[in-house]
Amino acid sequence: MESRIGRVLCRIALATLLAAPSLSAAERIVSIGPATTERLQALGAGEQIIATDLSSQGLKVPKVGYHRTLAAEGILSLAPSRVIGSDE
């Protein structure tokens, strides 16, 4: 039950983030985790994703590594404006 609540809260947070006026077409998003990447695409932010982790499928963008063993340098070298992931 706790895991389900966490997923719902994650969805609400992503929807709120993407609906915020501060999110512009010029956003450069690095998406970490396949569920996060799928949700971002479903919410219409697929064009803004500049990189994902290795487990995310469907986008032809650079990969920054496996979502459980990421290095900050690889992500920061892409100059993202947002890095979005979850604790899953």
Side-chain angles (χ1 to χ4, degrees):
M1 176 102 175
E2 186 175 316
S3 177
R4 185 176 179 161
I5 292 171
R7 284 192 294 264
V8 170
L9 291 175
C10 181
R11 288 182 185 142
I12 292 170
L14 280 172
T16 302
L17 173 70
L18 293 173
S22 64
L23 188 66
S24 68
E27 289 289 338
R28 297 174 49 82
I29 300 171
V30 173
S31 178
I32 307 300
T36 302
T37 302
E38 289 174 14
R39 288 180 186 127
L40 285 168
Q41 288 178 300
L43 291 168
E47 297 282 323
Q48 298 166 314
I49 299 173
I50 60 164
T52 64
D53 68 310
L54 290 171
S55 61
S56 297
Q57 303 293 318
L59 290 175
K60 295 185 191 260
V61 294
K63 303 295 183 181
V64 294
Y66 184 62
H67 70 278
R68 294 181 192 214
T69 57
L70 294 172
E73 293 83 2
I75 296 171
L76 294 175
S77 70
L78 298 169
S81 56
R82 296 183 194 263
V83 177
I84 302 175
S86 74
D87 62 353
E88 294 182 319

Flag yes if Val64 and Val83 sit in one hydrophobic cluster, no otherwise; membership is Ile, Leu, Val, Met, Phe, Trp, Tyr, and two members link when side-chain heavy atoms are under 4.5 Å apart.
-> yes
All side chain to side chain contact (heavy atoms under 4.5 Å, CB included) counterparts of Ser77, not counting sequence neighbours | none
Taking only residues two or more places apart in sequence or in another chain, which ones pass side chain to side chain contact (heavy atoms under 4.5 Å, CB included) with Ile50?
-> Arg28, Val30, Leu78, Pro80
Here the gap from Leu40 atom CG to Glu27 atom CD, rounded to the nearest 0.5 Å, amounts to 11.0 Å
Starting at CD of Gln41, measure out to OG of Ser31 and round the result to the nearest 0.5 Å.
-> 8.0 Å
Ser55 and His67 have their tightest heavy-atom pair at OG-ND1, 3.3 Å
Applying side chain to side chain contact (heavy atoms under 4.5 Å, CB included), name anything that partners Val61, two or more places apart in sequence or on another chain.
-> Thr52, Leu59
Minimum side-chain heavy-atom gap Thr36-Asp53 below 4.5 Å | no
